[in-house]
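So that the names make sense, note that chain A is the first sequence line, chain B the second, and so on, each numbered from 1.
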Number of protein chains: 2
Amino acid sequence: MLLPVPTYQPKSACSSCNLAEICLPINLSEFETYKLDELSPVKRSFSRSDYLYRSGDKFRSLFAIHSGSFKTQILHEDGREQVTGFQMTGEIIGLDAISTDIHACEAVALEDSVVCELPFNKLEALSREIPTLQRHLHKIMSREIVRDQGIMLLLGSMRAEERLAAFLLNLSQRFAARGLSATQFELRMSRQEIGSYLGMKLETVSRAFSHFQAQGLISVKVRTIEIVNLAGLQACLNSSRS
Amino acid sequence: MLLPVPTYQPKSACSSCNLAEICLPINLSEFETYKLDELSPVKRSFSRSDYLYRSGDKFRSLFAIHSGSFKTQILHEDGREQVTGFQMTGEIIGLDAISTDIHACEAVALEDSVVCELPFNKLEALSREIPTLQRHLHKIMSREIVRDQGIMLLLGSMRAEERLAAFLLNLSQRFAARGLSATQFELRMSRQEIGSYLGMKLETVSRAFSHFQAQGLISVKVRTIEIVNLAGLQACLNSSRS
DNA sequence: CGAGATTTTGAATTGGGTCAAGTTATGTGG
DNA sequence: CCACATAACTTGACCCAATTCAAAATCTCG
């Protein structure tokens, strides 16, 4: 299976980079990287508030975010909706649709973004040939499960300010992992969207921001955030009672 | 790849039954079923409150619940803990551990139970050979993601009684899928555990049960539940405002 | 520049949490 | 099998964090 293929230049700069998620690097041999081009991923561009997919759409592909960011949200019959995640460069979305072949949630661009479309049947075929890729895919899915369970913990047992602190610290880590500042960043989402994600009302989000600022933990100017006292913000989290 | 192997009697009655989850049936050819025996799954028994695995344990296997039921819960550093799910016969647990090779949560038997241990590296090897199994595994993982996101919706946007109604209706469906009564069942978990799962205090769970009973929706005798008015309970769910 | 959207802040309200007491179940040892 | 101890559950009264409603301030973008 491991035929040696000497020198190799990727046909598309994209195929490997997209599966090499920032937080979960994948190391492939040259031959495997070569095989990966069979995916022939297609890049697609989106403007702010464009839908990448909608609830009910037929599932064909996973999407690797090449640049920009998205939110995913589920819609309940009765109109209730909830943001289930914010995804940024290097992250994979669409995993929820594998289960039924229908997208269970919808993905909306939070800014101008580019995604790389990864046809799922090709991904499955390739991961049968490349065990490293197979394991990688499993880890990506499992990591999503762990992430979701972390949100369940947050929603089920934290108070409003703890949730926001956890949210900001998570963003901070993710920006840092991408080589951006861990302490200064621009929020791409509204208070309403943050609130939906964290299970609280937008007013509560706003108040929590103001309170953190008053405590000297952060500096807020609408969507521009600076974490002034990172340790202090972390301390917020550990101050639980129950 | 699809060599015909005529008549076949499963060596162990277990290998196929465990992957053929009740809610997600898998259809394999005889040869594939034969191959599946390479998993050589081992059955293990647990008494009530035994740990199947603990947080931090090295990951080696997934577990198919053969009989009985479990709860999974995550422990936060600060002592906070949250039940992330209740699993019953036919369901697979341990998916969270694939991500890091370390179990992120712990699984505790709610009653005397038997599980089937499925070594994950064998499962991966087999799913490279049996595309149907590969797809099945992906669907199982994806379904867990969808389930978790459903809980996020529940925790983030439902009121206490809606949560309990959703919980009871979910249990009802799962019992029905197993050929048991959809309207009469025994809870295997305490009020405390239900509360942890639903993000509310045990007193609130108890009050919600009492209120449903007062409304004539259910009949509660501690852990014995009868759903008297199923439609009424469903109506509870759709009575949202936001 | 101006209109609509987003955010902030205040005041009043309330759902669920907390604390506490009493009741009912469960399980163990005699 | 019963008695007792302990755990689990229910109910009440009070309280507080977060929601709701409202209005003003600020931002965004055509």
Side-chain angles (χ1 to χ4, degrees), chain A residues 47-50 71 80 82-83 108 110-112 154-168 186-215 218-225 236 239-242, chain B residues 47-50 71 80 82-83 108 110-112 154-168 186-215 218-225 236 239-242:
Chain A
S47 302
R48 187 171 176 289
S49 82
D50 281 351
K71 66 169 174 180
R80 223 184 312 233
Q82 169 125 359
V83 172
V108 183
L110 292 174
E111 61 190 307
D112 293 353
L154 178 145
L155 292 171
S157 73
M158 291 188 188
R159 325 154 97 265
E161 293 196 355
E162 292 176 318
R163 293 180 200 187
L164 189 64
F167 174 69
L168 290 174
E186 199 73 24
L187 298 175
R188 299 263 104 103
M189 66 295 282
S190 69
R191 299 290 187 263
Q192 154 68 40
E193 287 163 336
I194 296 171
S196 171
Y197 183 56
L198 299 178
M200 52 209 251
K201 294 291 154 182
L202 67 96
E203 294 95 327
T204 311
V205 175
S206 179
R207 275 184 245 274
F209 270 126
S210 301
H211 188 217
F212 284 158
Q213 179 160 250
Q215 289 177 290
I218 63 176
S219 154
V220 189
K221 204 182 163 206
V222 192
R223 296 199 182 184
T224 308
I225 304 291
C236 265
S239 67
S240 79
R241 328 94 284 124
S242 65
Chain B
S47 302
R48 187 170 176 291
S49 80
D50 281 352
K71 66 169 174 179
R80 223 185 311 236
Q82 168 126 1
V83 172
V108 184
L110 292 174
E111 60 191 309
D112 293 353
L154 178 144
L155 292 172
S157 71
M158 290 186 189
R159 326 154 100 269
E161 292 195 355
E162 293 176 318
R163 295 181 199 188
L164 189 65
F167 174 69
L168 290 174
E186 199 73 24
L187 297 177
R188 298 263 105 101
M189 67 294 282
S190 69
R191 299 289 188 262
Q192 154 69 40
E193 287 163 336
I194 296 171
S196 171
Y197 182 56
L198 299 178
M200 51 209 253
K201 295 290 150 172
L202 69 95
E203 294 95 328
T204 310
V205 175
S206 178
R207 275 184 246 274
F209 271 125
S210 302
H211 188 216
F212 284 157
Q213 179 160 251
Q215 289 176 291
I218 64 177
S219 154
V220 189
K221 204 182 164 206
V222 192
R223 297 201 179 181
T224 308
I225 304 291
C236 264
S239 66
S240 79
R241 326 95 285 122
S242 64

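Between A:R191 and B:R48, it is A:R191 whose nearest contact on DNA chain C lies nearer the 5' terminus. Of the two residues contacting DNA chain D, namely A:V222 and B:R207, the nearest-nucleotide position lying further toward the 5' end is that of B:R207.
Ion pairing between a basic and an acidic side chain is recognised when a charged N comes within 4.0 Å of a carboxylate O; B:E111 and B:R188 show such pairing.
Following rounding to the nearest Å, B:K201 (NZ) and D:dA18 (C1') show an atom-to-atom distance of 16 Å.
Contacts of A:G195 with the nucleic acid, taken as non-hydrogen atoms under 4.0 Å apart, are absent. Using a 4.0 Å heavy-atom criterion, one finds that A:R223 contacts the sugar-phosphate atoms exclusively. Here A:S206 lies in heavy-atom contact (under 4.0 Å) with a base.
Nearest nucleotide to the side chain of B:T204, out of D:dA8, C:dG17, C:dT7: C:dG17. Out of D:dC9, C:dT7, D:dC21, the shortest distance to the side chain of A:E203 is found at D:dC21.
Overall bending of the helix from C:dC1-D:dG30 to C:dG30-D:dC1, expressed as the angle between end axes built from five pairs apiece, is 60° (10° steps).
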Stepwise salt bridge (Lys or Arg N to Asp or Glu O under 4.0 Å) check, A:E186 with A:R223:
CA-CA 6 Å; A:E186 199 73 24; A:R223 296 199 182 184; over 6 Å; no
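In this structure, the separation between CD1 on B:I218 and CG on B:L168 is 5.5 Å, given to the nearest 0.5 Å.
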